[in-house]
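Excluded from the calculations below are hydrogen atoms, water molecules and symmetry mates; all remaining heavy atoms, backbone and side chain alike, are included. As the structure lists them, so they are numbered: ligands from 1, and atoms in each ligand from 1.
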Amino acid sequence: MELPFAELYKIKMVETIKKSTREQRDQWLAEAYNNVFNLRSEYVFIDLLTDSGTGAMSDKQWSQMMIGDESYAGASSYINMKKIIKALFGFNDFLPTHQGRAAENVLFSVLVKQGNVIPGNSHFDTTKGHIEFRKATAIDCTIDEAFDTTIYHPFKGNLDVTKLKAVYENYPTAQVPMVIITVTNNTSGGQPVSMQNIKEVAELSRKHGVKVVLDSARFAENAYFIKKREEGFADKSIKEIVKEMYSYADAMTMSSKKDAIVNMGGFIGFKERELYEKASVYNIMFEGFVTYGGMSGRDMNALCQGLDEGTEFDYLDTRIRQVEYLADKLLDHGVPILQPTGGHAIFIDAKKFFPEIAKEEYIAQTLVVELYLEGGIRAVEVGTLLADRDPETRENRYPALELVRLAIPRRVYTNSHMDYIAAAVCNVYDRRNTIKKGLTIKKEASIMRHFTVELERL
Ligand code: F0G
């Protein structure tokens, strides 16, 4: 018999989770105004809200925490970070920040001015938020294939170079400070960007004097897909692939809560000393001194270890194969999910799941509500709520896709949990024809509303 796949780790510490009844969940969800961000985590059985900051650290990461250096300036933990960032990404300079959006805040304080346009591949919501907050515009140049959930394309995160060219031709260079390549492209489904595409975008941008910034939350998962799917990379290590990806970049913003497998942390990497120096001023104002920037020494140490482990093939293979395991179960049952499967999550196509619910009734959020009621599973909406209102017209922006993301935390759940999730999703799918009405908004914030929005069931 061929030996089956098995996780390349064993579990050393466990945390109890509790099941609940349908009646309890009905009540808790009503108290949360149908917004799962408002639920207490103890009311959730399997938490797929995000893969951000929810991973399980390794024994080696925990041991690194014990030897963190908490000096205000020049801590050895900072030096450790400097060394690994140089080794992995090739950047001489970096600034620690408390998380990814803080890195965006600091870097964009230097680069983004009112009236600027920033092309990219489906900018993440905080990225777009930081751009729009500065009265600049994010322009989505993702390839069209990304918006059809059924087309197989190995690199659905790619930017369309023709769309990007049009941006560079239509706007004066002074108005376009940077292009942001998000690896992997979270918003369009955790889809990777090919090395070829990174290279082409960088070459074109350089010609137009535009900086290339990699939004790097899931850079290692992106490198895994390059190894698996792109010609010429099968024999390269993940670390070699990462090094090449970043050879095309001028800077990176990093949310370390994903591929560095820590609960909190981030940083900015810089190719140019000048940009680092300008950003340092903002880092000191918003985050902390340049050698800790909102992180404690122990956290920086765990982050370094996480960056090293997170760029090992065996770890990534275990991780991404678990996501595939769940995806295959859903596909076998006919559940419409985005294909190919992304790195960190399964994305359910809510418009196909609930074809009868009107787009004004928040289709994807309706499915989020149903999954919680069915099995105590907390997923997240990546649809109209997340897309927010147009800052000018204040009208809802209806994105091409209404998705529900089942984000899989790293090294946290077993495949029995995956079986449970699959059963719950399939049960809702089997009764989908009984759900014809969605939700309406009762209260919302003016920016990034999805975190705090209050909804009512129709
Ligand atoms: N960029 C991407 C691609 C992200 O996915 C995130 C966060 C950020 C930037 C911001 O980083 O949370 O550390 O401030 N994504 C989380 C998610 C929240 O659930 O996908 P942060």
With only distance considered, is [X] within less than 3.5 Å of ligand 1 through an N or O on each side?
X: N186; answer: yes
X: G100; answer: yes
X: Q99; answer: yes
X: R101; answer: yes
X: T184; answer: no
X: K257; answer: no

Ring centre gap for F353 and Y429 strictly below 6.0 Å: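 That pair passes the under 6.0 Å test.
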
Residue-ligand contact H344/ligand 1, heavy atom below 4.0 Å: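 Under 4.0 Å: no for H344.
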
For D215, atoms of ligand 1 separated by under 4.0 Å from a heavy atom: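 Checking each atom against D215, I get 1 (N), 2 (C), 3 (C), 9 (C).
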
Proximal atoms of ligand 1 relative to T182 (non-hydrogen, under 4.0 Å):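 What qualifies from ligand 1 is 3 (C).
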
Plane angle bin for Y292 and Y72 - parallel if under 30°, tilted between 30 and 60°, otherwise perpendicular: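 Perpendicular, since the angle between the ring planes exceeds 60°.
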
For [atom], what is the closest protein heavy atom, and at what distance to 0.1 Å?
atom: atom 13 (O) of ligand 1; value: S255 OG, 2.6 Å
atom: atom 9 (C) of ligand 1; value: E104 OE2, 3.4 Å
atom: atom 10 (C) of ligand 1; value: T126 OG1, 3.6 Å
atom: atom 18 (C) of ligand 1; value: F124 CZ, 3.8 Å
atom: atom 16 (C) of ligand 1; value: K258 NZ, 3.3 Å

Side-chain (N222) to main-chain (V193) donor-acceptor, under 3.5 angstrom: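 A pair under 3.5 Å: yes.
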
Y248 and L214, any side-chain heavy atoms less than 4.5 Å apart: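 With C-beta onward as the side chain, the pair stays apart.
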
Distance-only side-chain donor-acceptor flag, E454 / N35, under 3.5 Å: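 There is no such pair between these side chains.
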
Any donor-acceptor N or O pair under 3.5 Å, side chains N116, R134: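 Looking only at side-chain atoms, R134 and N116 do not form any donor-acceptor pair under 3.5 Å.
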
K442 charged N/C atom sitting above Y33 aromatic ring, 6.0 Å / 45°: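 Checked: cation-pi criterion not met.
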
R389 atom CZ, neighbour heavy-atom count above 12 within 6.0 Å: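 Atom CZ in R389 is packed in, count exceeds 12.
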
More than 12 heavy atoms of other groups within 6.0 Å of Y420 OH: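 Check passes, neighbour count above 12.
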
Which segment of R405 sits under 4.0 Å of ligand 1 when only heavy atoms are counted: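 The answer is the side chain.
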
Pairing of E274 and K211 as salt bridge, 4.0 angstrom limit: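 Looking at K211 together with E274, the answer is no, because their closest N to O distance does not fall below 4.0 Å.
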
